[in-house]
Each structure stands twice: as C-alpha cells, then as structure tokens.
J.: 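Pasting a structure here, questions to come.
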Amino acid sequence: VQQWASEFSVQLRDLTVKYSGSLLLQKKLKDVESIIKIVELNGDDLVRDYSNEIERMLGSKMKSVKRLAESAEDADLYHEFNASLEFDYYNSMLINTVDEDGNSLELGAEFPLEENEHFNNIPVNTQQSNIQVPTNVYNKDPIILNAIYNTEALNDVFISNFLKDPTLTWQYFGSSTGFFRIYPGIKWTPDPNGVVVFDCRNRNWCIKAIFCISDLKIIINRPHFKKMQFKTTIAKHTINTILDTLGENDFVNIIAYTDYVRYVEPCFKGTLVQADLDTREHFKLLVDELHVKGEAKIKNALKEAFKILNQVRVNGQGSMCNQAIMLITDGAMEDFESVFEEFNWPDRRVRVFTYLIGREMTFAQNTKWIACNNKGYYTHISTLADVQENVMEYLHVLSRPMVINHDHDIIWTEAYMDTVLPNTKQLFTTKAQSLLLMTSVAMPVFSKKKETLSHGILLGVVGSDIPLMEVIKLAPRYTLGPHGYAFLITNNGYILAHPDLRPLYKDGKKLKAKPNYNSVDLTEVEWEDTEDTLRTAMVKGQTGSLSLSVRASVDKAKRPLFLINEYFYTNIDDTPFSFGMVLTKGHGKLFFIGNVSVEEGLHDLTSPDLSIASEWTYCETDIDPSHRKYSQLQAAVRYLQGKEPDLECDEVLLQQLLFDAVVTAPLEAYWNTLMLSDRVEPGVETAFLGTRSGLMRVVRYAGVEARVAKNFLTPSDKDNLFTIHFPLWYRFGSLKYYPGSTSTTLSSRKAREVRGARNVQGQLMRCAGVRSAGVTLELYLCRPHLWLEKRLAQRWSSQVFITCDSNKPILTKCGTKFGWMLWENPSVEEQMKGGAFEHPCRTRESFRDTGSRGHGVTGSPEEPESSGAHSLLHPFVAVAALMRWFFSNTLTLLMDLNLCGLWHQLFVDGHKQKKMEAMIPCDTTYPGFMLEASVREANSVIKCGRCQKMFVVQQIPDSNLVLVVTQADCDCSRQFGPIPLTPKEIKY
C-alpha cells in the first residue's frame with residue numbers, strides 16, 4: 001500500500017506540474033525576488049484605519065440627515081396652516097395610472113421613472129420625491145395636505161445630498177400624521193388586496209428617533225374577556241402592537257392578573273427582559289394562549305409592577321430612561337388610589353397608560369383617572385381598527401420631554417432585511433446572506449414656532465438607509481487575506497454583518513428571513529470565545545486585540561480549517577457599533593509589494609485568459625453615473641491608461657494586480673503550447689491560477705462538449721462573498737502546505753471532477769504571496785494510477801478506493817465535495833451496501849473529531865428527526881456511513897436546558913400546539929473527522945462473524961489525500977449497519 005500511495009503521489013504531482021505550469025511560475029517568482037518587499041501587517045493600525053474610514057462614511061450619512069431635519073423645521077416655521085388648501089401631489093401608489101377614459105387619476109399624474117443601477121435597477125425618479133399614504137389615512141385630509149405641502153422643500157435637499165454624496169441610497173421623511181415622503185420617487189405596489197399596510201410611524205427607525213428607550217410593565221386584566229370573544233382578540237392585538245413598538249434597547253415584562261398576580265412567563269418572574277425580537281415573539285405566543293379565570297384585583301398587579309420598576313431603577317438596570325405601566329383592562333372597579341400614593345406619588349416617576357377594551361363605558365372614568373393622575377394617557381379601544389392609532393399615542397407622550405427640549409439625537413437601527421439589493425439571488429444561496437442587511441440613520445424633526453414651542457410638537461422623522469455591504473467593503477478583502485474577514489456588531493452584542501451570519505432559511509423552494517435574524521449574538525458565530533472576552537470588550541466600545549485558536553468551516557460546514565486568528569476591534573464614534581477584523585497567523589499577516597511599470601502591467605492585464613474579482617472594488621464605479629457601465633477590469637484598465645482620471649481607485653490593489661499580471665503572464669504561452677502540441681492527456685480539462693490580488697487565469701484544454709465541469713467557478717466555490725475569489729482550492733492551498741505540495745478538492749457528485757491545486761511560492765516570499773496553480777481532471781483519470789498492481793490486488797481479493805482529503809471531515813455526504821471513492825469493477829457498489837468497507841472505521845486513534853455547529857432556525861420543536869433510510873440509496877452515502885465507524889467519536893454539544901418548556905406543557909393550555917407551528921431558533925451540528933497529521937499509516941484486523949477484515953490507511957505523500965485498502969470478501973453488514981453523517985438540528 002505504501003508503494004501504491006507513493007506511486008500515485010508521483011503520478012498526481014507529474015500531472016499537476018505538467019498541466020498547471022507551476023514550476024515555470026515558481027521560477028518566475030524566483031527571478032523577481034529582488035523587486036519584492038515583504039511587509040508584516042499591523043492589525044492595530046489596520047483596524048484604526050478601517051474604523052476611521054467607516055466613521056467618515058457613516059458621518060457623511062449623518063450630515064445628510066441633519067440637513068434634511070434643518071430644512072423640514074425651517075419650512076414648518078414659515079408655513080401657516082390653511083384648512084382649505086388644495087394641493088395635488090404625487091401619490092406613489094396612484095402615479096402613472098389612468099381611468100377607463102385614459103385620463104390620469106387624481107393624485108396619479110404622469111411621473112417619469114427609469115431603471116437606475118445605483119438603486120438596484122428599480123425604476124426611480126432621481127429628480128423628484130413622492131408620497132406614500134397608508135390605506136387607513138385619508139390622502140386629502142387638510143392636515144395631511146398641509147404637511148405634504150410643507151415638506152416639498154425637502155426635494156431640493158434630497159437632490160443636493162445625493163450630489164454631495166453619490167453613495168447615498170434611500171432618503172425619506174416619515175410624518176407624524178402618517179404619510180411617507182421617499183427619494184428617489186418610486187411606484188409603490190400595494191398588497192394583492194390593494195391595501196397599503198406600510199405605516200412609517202411603526203417602523204423601528206421612526207420609533208427609536210422620537211422617544212427615549214423604556215422599561216415597560218404590561219398588565220392585562222381578563223376576567224370578563226371570556227364572555228365576549230372580540231374583547232379577547234382586541235386585547236391580544238393591543239399587546240402585540242405595544243410589543244412591536246419596542247426594540248432591543250427596551251426592557252419589558254407582562255403580568256396577567258385576576259385574584260392573584262401571574263407572570264405570563266414564569267422564567268421572567270420579578271425582572272424585566274430585553275425586548276429583542278426573540279423575546280417579543282415569545283411573549284406573543286404566550287399571550288395568544290393565555291387563559292385567566294377569577295375576579296380581577298388590580299391593586300396587587302400594580303404593586304408588583306411598581307416594585308419591579310423601582311428595583312430596576314435602584315439597581316441601575318434596564319434602560320435608565322422612561323418607565324411606564326401599560327394597563328389593558330375592560331374595567332377598573334376597586335379602590336386603587338392607595339397604591340399610587342405608596343409607590344408613585346408625588347414624583348410620578350412611572351407613567352401609567354390605560355387601554356379600556358370594548359364598547360362599554362361603565363368604567364371609563366376610573367381608567368381615565370388612573371392615566372391622567374400618573375402622567376400617562378387614556379385610550380378607549382372598541383374595535384380592531386382602533387388599536388394601531390391608539391397604541392401609538394403613548395409614543396407621543398413619552399417623546400414629549402425630548403420634543404420640548406429639542407433633543408436632536410441621531411439614532412441608528414439594528415440590522416434589517418432588504419430584499420432588493422444587487423445580486424440578491426446569489427446572496428440568497430451563499431453564507432454571505434448577512435450582506436443583504438441594512439441599517440438606518442434617523443433624526444426627529446420638531447416645530448420651532450414660538451406659539452407651540454412649549455407644547456413639543458413632533459413633525460416627523462428624517463432618515464436614510466445604509467447597506468451594510470458598503471460598510472464592510474471599506475475593509476478590503478485583499479488585505480485581510482483568504483481566511484481573514486471583517487465584522488460589525490451593535491452595543492447589545494448583536495451582529496450587523498459577519499460571514500457566518502445566515503439570516504435566511506429554506507421553506508420548501510423559497511428562502512425566508514429567520515424570525516430572529518437580527519438578534520443573533522456574536523457568541524453564536526464566534527463560539528470559540530467561550531469566556532465572552534471578545535464580546536464584552538466590543539460591547540463596551542473598547543479597543544484591543546485577542547488571539548484565538550479556531551476551527552473555521554467552509555463548504556457549507558463540511559470542511560474544517562484549523563487556524564490561529566488574531567482579532568482586532570474598536571468602536572465606531574458617534575454610533576452604537578463596534579468594528580472587528582480578523583487576520584490569520586501565517587499567510588494572513590504577511591503582505592508583499594511588487595513594483596512593475598504601468599505599461600508593462602497593462603499589456604499583460606488585457607490577456608484574454610485573465611479575469612479579476614468583479615465583487616471587489618478596484619475602482620469606485622458607483623459615484624459617477626457615467627462610470628457605472630464599466631466592469632471592474634474595464635474601469636481599472638481605463639484608469640491606468642489615463643482615460644478616466646476621475647475614477648477613485650485603490651492604488652495599492654492596482655499595483656499588486658499589475659505585478660501579478662506580469663509575473664503570471666508566461667503561463668498563457670505555456671498553456672497554449674501544450675494545447676497546440678496535441679499531447680494533452682484525455683480527461684485533463686482546465687488549468688487555472690489564482691492570486692491574492694484577485695487575479696485569475698483560466699485555460700480550457702478540453703472543449704465544452706467534452707468537459708465534465710462546464711463552469712470553472714461554481715456556486716460552491718463562491719461559498720462566501722466575504723472570501724469570494726478565494727475559492728476552496730485557493731484557501732486550502734494557502735493554508736499550510738509547503739511550496740510544491742498538492743491540495744485536492746472535489747466538485748459536485750454530478751460533475752465528477754477533481755481539482756489539484758499546487759501551492760507556488762518564492763523562497764523569499766514565504767507565505768506573503770501565495771499563488772495557487774492547478775488543473776481540473778475528470779475523476780476517471782485517476783484509475784490507472786491507482787491500480788498499478790491489478791493482479792496483486794485481485795490476488796488479495798481486495799478493492800482500493802481513495803478518500804479526499806485528510807484535512808477535512810472526510811466522507812460526510814460522500815460523493816459530493818466531501819469524500820469520494822474509485823473502484824475497478826461494479827461489484828464494489830454491492831459490497832459497499834453490504835458493509836464491505838465498514839470495519840476500517842473502527843480505528844479511533846488515527847482520526848480526531850472535527851465536528852462543528854452553526855446557528856439556524858427550524859419548525860416545530862417536536863418535529864421528528866430526519867430519517868437515515870436514504871443512506872442506502874447511493875453507494876457514496878453508504879461508504880460515508882461505514883467510515884464513520886473508523887472515526888467513531890461523534891461531536892456532542894452540551895446545550896443549556898430550557899426549563900421553561902416544562903412550564904409550557906404543565907400550565908399553558910394549548911401552547912404546545914401553537915409552538916409546533918412557529919419557527920424557533922436552533923443550532924445545527926455537522927459531524928466530521930480528520931486524519932491526524934502525525935499518523936502516516938494505520939492498519940488492523942477486525943473480526944466479523946466467521947471472517948475477519950484487514951485494512952490499511954495510508955497518507956499519499958505531498959498531498960491531502962488518503963488511500964484506504966480493505967478486504968472485500970468479508971461481509972459485515974449484519975454486525976454493523978450504516979450510520980449517515982448528516983447534519984442534525986439541536987432544538988431549544
């Protein structure tokens with residue numbers, strides 16, 4: 001077996017060296033060592049520079065928003081309300097709409113629209129904003145008309161802002177009266193029923209801008225609701241609407257009271273909890289299934305609420321801002337004044353808001369008295385249609401001190417989903433789904449009129465959206481290297497952008513947002529940070545660094561990379577965000593600078609076999625509309641030729657690109673010579689080369705009809721847009737293999753191709769400038785090199801197959817990009833099914849557990865696990881199961897027990913049924929094992945009934961492949977059945 005492995009190593013090396021041209025490239029690198037400078041990256045300097053760039057970018061957005069707020073306030077100052085005002089505006093839902101006679105509808109005049117690349121090819125009007133009005137707001141109301149007329153002045157500011165900062169996206173003004181002015185103007189599409197449910201006043205950016213964060217105690221009284229179902233529905237909807245107004249900076253709890261006080265979630269008894277998305281949805285489920293019986297006694301509930309709020313305030317917990325009690329009731333019958341005297345008067349630190357449910361007015365006076373004597377607000381909700389408007393009143397009350405003081409605080413939102421970003425379909429199929437996310441910056445607008453100054457009149461909120469993709473781009477990929485990345489988190493520890501944040505899940509063929517996609521904590525993706533050291537420092541806004549040994553996952557968590565990551569982090573001034581970046585020790589920390597002339601580099605940069613990473617920003621083509629027609633390569637070439645001197649380009653990256661173009665140019669002639677010689681071995685399909693500057697050269701030895709792999713870069717190669725253009729073969733090639741070693745990766749089962757990439761470095765360059773050159777081979781091409789001693793193999797009654805590779809969790813979903821085998825005759829397939837290769841899996845010492853995990857979402861917590869029956873449907877999967885016995889040590893994650901689940905079953909009637917229909921957070925384990933680097937060979941004999949099975953495991957030299965030889969005439973299927981290594985969900 002050693003002989004076979006050595007011979008195969010030689011054959012594999014000869015194939016990849018000959019057809020990749022790696023020796024020629026290595027010689028060229030040796031020749032240019034004298035003009036290369038090696039620099040070790042300083043992470044502290046980089047994180048400071050990048051954070052300063054981000055601060056400047058976000059600062060320009062804040063200046064734009066401030067200009068909008070000032071313009072809106074000035075316009076209102078000089079506007080006199082006109083009750084008889086007649087004014088036609090562009091209604092975004094009615095524009096460009098005609099009646100049966102071909103006449104424009106009222107408020108629906110012609111509004112020019114054209115597709116704009118900067119706005120994701122959506123038809124827009126960059127010369128005019130327009131107005132969206134919710135269905136429940138009368139679009140010709142005098143108050144609405146005056147406010148719309150008043151904000152016409154914003155049009156000029158919108159356009160001016162966009163000219164000053166062409167990277168701006170959507171700008172808008174959300175009025176306190178309900179309308180929404182958006183720039184550039186668009187055509188608004190209602191739902192299938194023709195209803196516009198979007199109300200800017202309910203949006204997170206609007207709510208956060210108009211009032212201080214709060215501690216809320218929601219109290220619900222339901223002794224009489226069971227008599228009338230509609231009261232119950234209204235009460236639930238009221239609570240849900242209140243919860244929807246809260247954000248991750250607020251704190252909340254809910255009490256249901258009758259003749260005793262009961263927390264709807266016993267696990268939260270006696271405290272307030274952060275009102276993030278998970279918590280709010282959890283409360284909604286509990287409230288929906290709540291059943292209360294008995295006589296209502298409000299005094300005990302109020303006492304409990306005041307005690308908790310006072311305790312939180314004294315201990316310096318919670319929001320340290322507003323405190324309020326929301327009383328939802330169908331009547332207040334008892335004496336409650338003594339409670340307020342004891343706990344809230346005379347300071348009235350806690351506001352009390354009352355919501356009287358139902359049409360009966362018997363107890364209206366009592367509920368109104370409670371609110372008015374505790375600096376709150378009383379509302380009567382008799383129908384579902386009343387809920388939205390009445391709940392929003394409490395926001396105006398809580399914002400009044402801020403309005404009176406004219407506190408123009410700029411706020412930033414947590415991440416939220418935007419579904420119209422460029423490359424949405426591609427992003428939806430990658431791990432870089434976090435790049436779909438946006439954040440918004442917003443600022444309140446107040447009336448400055450003297451006669452209303454003391455009343456605190458809120459006019460609305462102005463804001464703008466910032467795609468997080470644009471923020472992350474400020475930390476260039478080429479600097480961080482193939483294993484490095486940048487990320488952003490909020491001051492609550494929630495992720496804004498991170499390569500391992502996956503906010504979408506598959507529901508059948510559709511991709512949907514996970515319920516908790518914007519409340520994923522940093523520790524859920526950086527799970528080696530077991531002591532929360534990194535998270536704590538970043539939440540506190542500190543600057544520093546940290547080194548961690550990590551197990552990174554690539555190829556959809558099927559392959560592990562064992563790295564030593566150095567984390568560098570700092571805060572972003574004037575925002576609640578912190579920025580972090582990762583450099584990997586070794587290749588990631590070294591950077592080379594090569595010097596060639598522009599003329600020499602331009603000649604080689606225009607070669608037909610050359611391409612660059614179109615996802616990177618070599619030149620900024622989005623600032624000037626006239627530049628948007630250029631690809632990144634076209635823009636770089638025109639800039640270097642002096643044809644587009646106004647382009648903003650990355651000089652360092654372009655210098656690297658020119659150097660790589662010159663150094664790799666000889667390969668083009670070498671590959672063409674091989675093709676013209678007609679001596680290309682059948683099955684050799686493609687030669688390729690990749691560099692750290694994003695340059696790639698590809699030549700096709702075989703025509704498209706003869707190729708198994710039709711596309712060179714597949715979606716799996718681009719498994720992460722944070723590391724795009726650093727495909728798997730490049731990342732493995734640059735990790736730790738010495739110059740000249742071969743790293744082999746596999747394509748999908750359908751393509752049946754092998755890629756061998758050779759790590760090419762100059763001696764001086766060490767790990768600073770890895771170039772991976774390689775070839776793509778059809779899988780069958782390896783057979784002649786494996787069965788060198790066919791007769792000997794037949795005499796041993798053995799079969800030989802190869803698994804790929806030793807530096808990944810082998811044989812999970814075998815036959816895809818994870819493990820594979822070759823065989824000589826068809827009988828092997830049946831032997832695989834029968835356990836012919838199972839018993840080599842009994843050796844434990846040679847392999848170590850490389851299982852990983854990831855956060856996700858699943859359906860019902862009670863849904864059954866996936867069946868393993870499919871493991872017999874394909875021989876590849878069978879071998880995967882067999883080999884698991886060889887590795888045997890399965891990853892076991894210890895998860896915190898959710899004791900609240902027991903309470904749900906015992907005390908909440910029907911709650912289990914509801915939870916089965918809901919999507920809940922989960923973790924996913926990805927089992928896998930890797931050959932120990934120190935183990936070159938392993939062999940043993942395993943008894944199996946009346947026969948015994950002998951096997952040998954041998955590393956193939958100078959590669960990441962493993963050769964496994966085992967007897968095929970011993971059937972062990974009865975003793976050991978197949979065990980599939982499929983990912984498993986761990987549900988909370």
Side-chain angles (χ1 to χ4, degrees), residues 43-48 50-52 54-55 58 213 215 247-251 267-268 271-279 312 315-321 411-415 434 437 439 468 471-472 475 480 484-501 516-552 563-585 852-855 893-896 921 923 988:
D44 295 320
D45 291 342
L46 280 180
V47 78
R48 184 187 63 246
Y50 293 158
S51 64
N52 288 339
I54 294 173
E55 284 175 15
L58 300 184
I213 51 181
D215 299 331
E248 61 185 32
N249 292 321
D250 301 307
F251 293 81
C267 291
F268 300 155
T271 188
L272 296 177
V273 291
Q274 191 175 17
D276 58 24
L277 186 60
D278 287 340
T279 302
V312 167
N315 293 338
Q317 300 170 332
S319 67
M320 300 299 293
C321 190
I411 63 94
W412 292 86
T413 68
E414 62 266 30
S434 57
L437 301 177
T439 184
L468 291 169
V471 181
I472 289 297
L480 301 181
Y485 54 89
F487 59 96
L488 287 165
I489 70 168
T490 70
N491 56 355
N492 288 300
Y494 294 144
I495 293 172
L496 283 170
H498 192 286
D500 288 327
L501 174 63
N516 65 327
Y517 73 89
N518 60 356
S519 58
V520 176
D521 196 89
L522 180 64
T523 54
E524 295 184 55
V525 292
E526 298 289 351
W527 49 284
E528 286 88 356
D529 182 28
T530 54
E531 303 296 325
D532 286 354
T533 306
L534 176 65
R535 181 191 184 278
T536 301
M538 294 188 70
V539 166
K540 291 181 177 180
Q542 297 175 355
T543 298
S545 61
L546 175 70
S547 181
L548 291 174
S549 297
V550 302
R551 177 171 50 199
L563 309 168
I564 299 178
N565 282 349
E566 291 193 0
Y567 295 80
F568 302 89
Y569 51 86
T570 188
N571 69 306
I572 307 297
D573 288 342
D574 300 321
T575 75
F577 307 146
S578 285
F579 169 73
M581 51 165 270
V582 172
L583 293 176
T584 302
K585 280 191 176 179
S852 61
R853 67 165 179 157
H855 69 93
L893 295 175
L894 298 176
M895 310 302 293
D896 293 333
D923 275 346
Y988 294 97

J.: Atom OG1 of Thr584 and atom CG of Leu563: how far apart are they, to the nearest 0.5 Å?
T.: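 Thr584 OG1 to Leu563 CG: 5.0 Å, rounded to 0.5 Å.
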J.: Report the distance from atom CG of Asn565 to atom CD of Glu528, rounding to the nearest 0.5 Å.
T.: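 Rounded to the nearest 0.5 Å, the CG-CD separation comes to 8.0 Å.
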J.: Grab the two heavy atoms, one from Ile572 and one from Ser51, that are nearest each other, plus how far apart they are.
T.: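 That closest heavy-atom pairing would be CD1-CB, 3.8 Å.
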J.: Find out whether Leu480 and Val582 are in side-chain contact, i.e. whether some heavy atom of one side chain is under 4.5 Å from a heavy atom of the other.
T.: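 No; the side chains remain at least 4.5 Å from each other.
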J.: Measuring only between side-chain heavy atoms, which start at C-beta, is Asn571 closer than 4.5 Å to Asn491?
T.: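 Not in contact.
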J.: Would you check, one step at a time, whether the test side chain to side chain contact (heavy atoms under 4.5 Å, CB included) holds for Leu488 with Ile472?
T.: CA-CA 8 Å; Leu488 287 165; Ile472 289 297; 4.3 Å; yes
J.: Describe, in one word, how the ring planes of His498 and Phe487 are oriented to each other, choosing from parallel (under 30°), tilted (30 to 60°) and perpendicular (over 60°).
T.: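 Tilted: the ring planes of His498 and Phe487 meet at 30° to 60°.
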J.: Could you measure the distance from the CD1 atom of Ile489 to the CZ atom of Phe577? Nearest 0.5 Å is fine.
T.: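 If we round to the nearest 0.5 Å, Ile489:CD1 and Phe577:CZ are 11.0 Å apart.
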J.: Could you check whether any side-chain heavy atom of Trp412 comes within less than 4.5 Å of a side-chain heavy atom of Leu58, counting everything from C-beta outward?
T.: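 They are in side-chain contact.
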J.: Is a side-chain donor or acceptor of Thr536 paired with a backbone partner of Thr533 at a separation under 3.5 angstrom?
T.: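 No, Thr536 side chain to Thr533 backbone: no donor-acceptor pair under 3.5 Å.
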J.: Check Ala486 against Pro499 and note the closest heavy-atom contact, atom names and distance.
T.: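 Answer, listing the atom of Ala486 first, then Pro499: O-CD, 4.0 Å.
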J.: Step by step, work out the side chain to side chain contact (heavy atoms under 4.5 Å, CB included) result for Ile564 and Ser547.
T.: CA-CA 7 Å; Ile564 299 178; Ser547 181; 3.7 Å; yes
J.: Looking only at heavy atoms, what is the nearest atom pair of Phe568 and Ser545, with distance?
T.: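 Heavy-atom minimum between the residues: CD2-CB, 3.6 Å.
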J.: Between Ile54 and Thr575, is any pair of side-chain heavy atoms under 4.5 Å apart?
T.: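 Side-chain contact under 4.5 Å: no.
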J.: For the CG atom of Asp276 and the CG atom of Asp250, what is their distance to the nearest 0.5 Å?
T.: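 One finds 11.0 Å between CG of Asp276 and CG of Asp250.
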J.: With side chain to side chain contact (heavy atoms under 4.5 Å, CB included) as the criterion, how do Leu437 and Tyr517 come out once you've worked through the C-alpha distance, each side chain's angles and the decisive distance to 0.1 Å?
T.: CA-CA 10 Å; Leu437 301 177; Tyr517 73 89; 3.7 Å; yes
J.: Distance from Tyr50 atom OH to Thr570 atom OG1, nearest 0.5 Å?
T.: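 One finds 14.5 Å between OH of Tyr50 and OG1 of Thr570.
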J.: Short question: side chain of Glu55, backbone of Asp573 - any donor-acceptor pair under 3.5 Å?
T.: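 Yes, because the side chain of Glu55 sits within donor-acceptor range (under 3.5 Å) of the backbone of Asp573.
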J.: Would you mind checking if Glu566 and Lys585 are paired as a salt bridge, meaning a charged N to carboxylate O distance below 4.0 Å?
T.: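 Looking at Lys585 and Glu566, the cut-off is met.
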J.: Does Thr439 use its side chain to pair, donor to acceptor, with the backbone of Thr413 at less than 3.5 Å?
T.: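 Confirmed, Thr439 side chain pairs with Thr413 backbone.
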J.: I need the Phe579 CZ to Leu496 CG distance, nearest 0.5 Å.
T.: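 The CZ atom of Phe579 sits 12.5 Å away from the CG atom of Leu496.
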J.: Which pair of non-hydrogen atoms, one from Gln542 and one from Tyr569, has the smallest distance, and what is that distance?
T.: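 Closest pair (atom of Gln542, atom of Tyr569, distance): O-CD1, 3.4 Å.
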J.: Would you check if the side chain of Asn518 reaches a backbone N or O of Glu414 as a donor-acceptor pair within less than 3.5 Å?
T.: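 Side chain of Asn518 to backbone of Glu414: no pair is present.
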J.: Looking at side-chain heavy atoms only, is the closest gap between Asp500 and Trp527 below 4.5 Å?
T.: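 No, too far: nothing below the 4.5 Å cut-off.
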J.: In sequence, state the C-alpha distance, the side-chain angles, and the governing distance for Gln317 and Leu272, and then conclude on side chain to side chain contact (heavy atoms under 4.5 Å, CB included).
T.: CA-CA 9 Å; Gln317 300 170 332; Leu272 296 177; over 6 Å; no
J.: Quick check against the 3.5 Å criterion: does Asp521 have a side-chain atom that pairs as donor or acceptor with the backbone of Thr523?
T.: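 It does hold such a pair.
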J.: Do side-chain atoms of Gln274 reach the backbone of Glu248 as a donor and acceptor pair under 3.5 angstrom?
T.: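 Flag set: sc Gln274 to bb Glu248 pair under 3.5 Å.
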